[in-house]
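So the structure is just underneath, and the comments pick up after that.
Sequence lines set the chain letters: A, B, ... in the order given, protein chains first and strands last, and positions in each chain run from 1.
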There are 2 protein chains.
Amino acid sequence: MTRWLDDDEQQTWRAFLWTSRLLNESLDRQLQRDSGMPHTYYVILAMLSEAPGRRLTMTELARVVRSSPSRLSHAVTRLEKEGWVRRVPHPTDRRTTMAELSDEGFTTLVEAAPGHVEAVRRHLFDPLTREQVLQLREILRAVLPALDTEDEAADIFGPA
Amino acid sequence: MTRWLDDDEQQTWRAFLWTSRLLNESLDRQLQRDSGMPHTYYVILAMLSEAPGRRLTMTELARVVRSSPSRLSHAVTRLEKEGWVRRVPHPTDRRTTMAELSDEGFTTLVEAAPGHVEAVRRHLFDPLTREQVLQLREILRAVLPALDTEDEAADIFGPA
DNA sequence: CACGATTATTTGAGTCTTCAAGTATTTAAA
DNA sequence: TTTAAATACTTGAAGACTCAAATAATCGTG
């Protein structure tokens, strides 16, 4: 027997669906227009910029951006064409490739960041009270771990 | 001056990003595997099934599924090839096309629904308390309207 | 009633993602 | 030490989405 959604759940689910879709599309348009990249690629640059030496193994990078190896490989190929990322051989393991953020990539990221953060703030945080932000964080802290393969969620909330 | 995200906001934003992405990908895989369609297409069938006469104008349908006209047109073309949807001319306005759910489409939807709802429940609602579900609904009710062009959000929460 | 503006929809090219398959290298074990 | 299994990554084809442009029909106004 299927347990269908009651009215509260139905409303919540549809609202979540459209909010996440529309927010993502909005960020995509903003970044595409102002910086020539979709949101996914912005996140790749952002995560690389936070890594020691601004470089990560393809596998590590895939892990932090929650990407399949295939998607990431295609993405890095594109980012490489833009000159924003370089593929560097791993010093000891010849199977692995490292993706390294170039100076141009870093500059592009720095220029893209303000507009992107503005958009996130305006769309997501401005309409919420502080209490709601904290509630939302707890809600997501409950939902995310089961979706995350491995224990990636700890990287967001801290391992504490 | 850019107002950057503080720690709470940063955690909340990243958690939201990955939760929505991973949830969507998970639903896509489940539906693709079990019913041969991505989640977007399931939603199109679902919305048509709720319409009077199981048919809507392309424009109306685009509105309820928050799709661009172009995306919807491509999607309906694919759904038509599957035999799940038919394009029917509008009785009075020859510019407009109506999309109509076929009996096969309805059957497919009915068969797909239980597995899909299970997945939504398991991933989103099982980890949350009732209070959190209601909190989440209020949060989304605050965020969605600004993202929705027109006042579509009323269709979810009721115009009251 | 003409005709420019608006509305409704489609098309095609380019991009991004997915999935399945393939290559290369390292690890582990017999 | 040779070889099967595991790991790391890439490739190509197919599907889906975006954007810009095109077509078609109706509306509003003079």
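Using a 4.0 Å heavy-atom cutoff across all strands shown, Arg21(B) reaches no nucleic acid atom at all. Across all strands, Thr77(B) comes closer than 4.0 Å to no nucleic acid atom at all (heavy-atom distances). Note on Ser67(A): nothing from the nucleic acid sits closer than 4.0 angstrom, heavy atoms only. Backbone-only contact: Asp93(B) has heavy atoms under 4.0 Å from sugar-phosphate atoms and none from a base.
A straight line from CD of Glu82(B) to C1' of dG15(D) spans 11 Å, rounded to a whole angstrom. Distance Arg33(A) CZ to dA20(D) P: 11 Å, rounded to the nearest Å. One can place CZ of Arg78(B) at 15 Å from P of dT18(C), the figure rounded to the nearest angstrom. The nearest whole Å value for the distance from the CD atom in Gln32(A) to the C1' atom in dT18(D) is 9 Å. Rounded to whole Å, the distance from CG on Leu27(A) to P on dC16(C) is 16 Å. Atom pair Arg63(B):CZ and dA8(C):C1' shows a separation of 15 Å (rounding to whole Å applied). Between the CZ atom of Arg95(A) and the P atom of dA8(D) there is a distance of 6 Å, rounded to whole Å. Across the protein-nucleic acid pair, Leu22(B) atom CG and dT18(C) atom P stand 11 Å apart, rounded to whole Å.
Remark: Thr97(B) is in phosphate contact with dT10(C), judged by side-chain N or O atoms under 4.0 Å from OP1 or OP2. In terms of phosphate contacts, Arg71(A) brings no side-chain nitrogen or oxygen within less than 4.0 Å of OP1 or OP2 of dC16(C). Remark: Ser73(B) is in phosphate contact with dT10(C), judged by side-chain N or O atoms under 4.0 Å from OP1 or OP2. Note on Arg29(B): every side-chain N or O is 4.0 Å or more away from OP1 and OP2 of dT18(C). Residue Arg87(B) places at least one side-chain N or O under 4.0 Å from the OP1 or OP2 atom of dT10(C). For Arg94(A), no side-chain nitrogen or oxygen approaches OP1 or OP2 of dA24(C) to under 4.0 Å. Phosphate contact (OP1/OP2 of dT17(C), side-chain N/O of Thr40(A), threshold under 4.0 Å): present.
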Verdict with supporting geometry, Glu25(A) and Arg71(B), salt bridge (charged side-chain N to carboxylate O under 4.0 Å, His left out): CA-CA 13 Å; Glu25(A) 288 169 12; Arg71(B) 172 158 91 205; 3.1 Å; yes

Output, in order, the C-alpha distance, side-chain angles, deciding distance and verdict of salt bridge (charged side-chain N to carboxylate O under 4.0 Å, His left out) for Arg14(A) and Glu50(B). CA-CA 14 Å; Arg14(A) 291 197 174 178; Glu50(B) 293 178 11; 2.7 Å; yes

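Between Met58(A) and Met98(A) there is no side-chain heavy-atom pair separated by less than 4.5 Å. With a 4.5 Å cut-off on side-chain heavy atoms, Leu136(B) and Gln132(B) do not count as touching.
No hydrogens or angles were tested; on distance alone, a donor-acceptor pair under 3.5 Å links the side chain of Ser70(B) to the base of dT11(C).
Side-chain N or O atoms of Arg86(B) include none that pairs as donor or acceptor with a backbone N or O of Ala99(B) at under 3.5 Å.
Both cation-pi conditions hold for Arg54(A) and Phe106(A): the charged atom is under 6.0 angstrom from the six-membered ring centre and inside a 45 degree cone around its axis.
Nearest-nucleotide assignment on DNA chain D puts the 5′-proximal partner with Glu60(A), out of Glu25(A) and Glu60(A). Judged by closest nucleotide on DNA chain C, Met58(B) is the one of Thr92(A) and Met58(B) placed further toward the 5' end. If Met37(A) and His74(B) are placed on DNA chain C by their nearest nucleotide, the residue sitting closer to the 5' end is His74(B).
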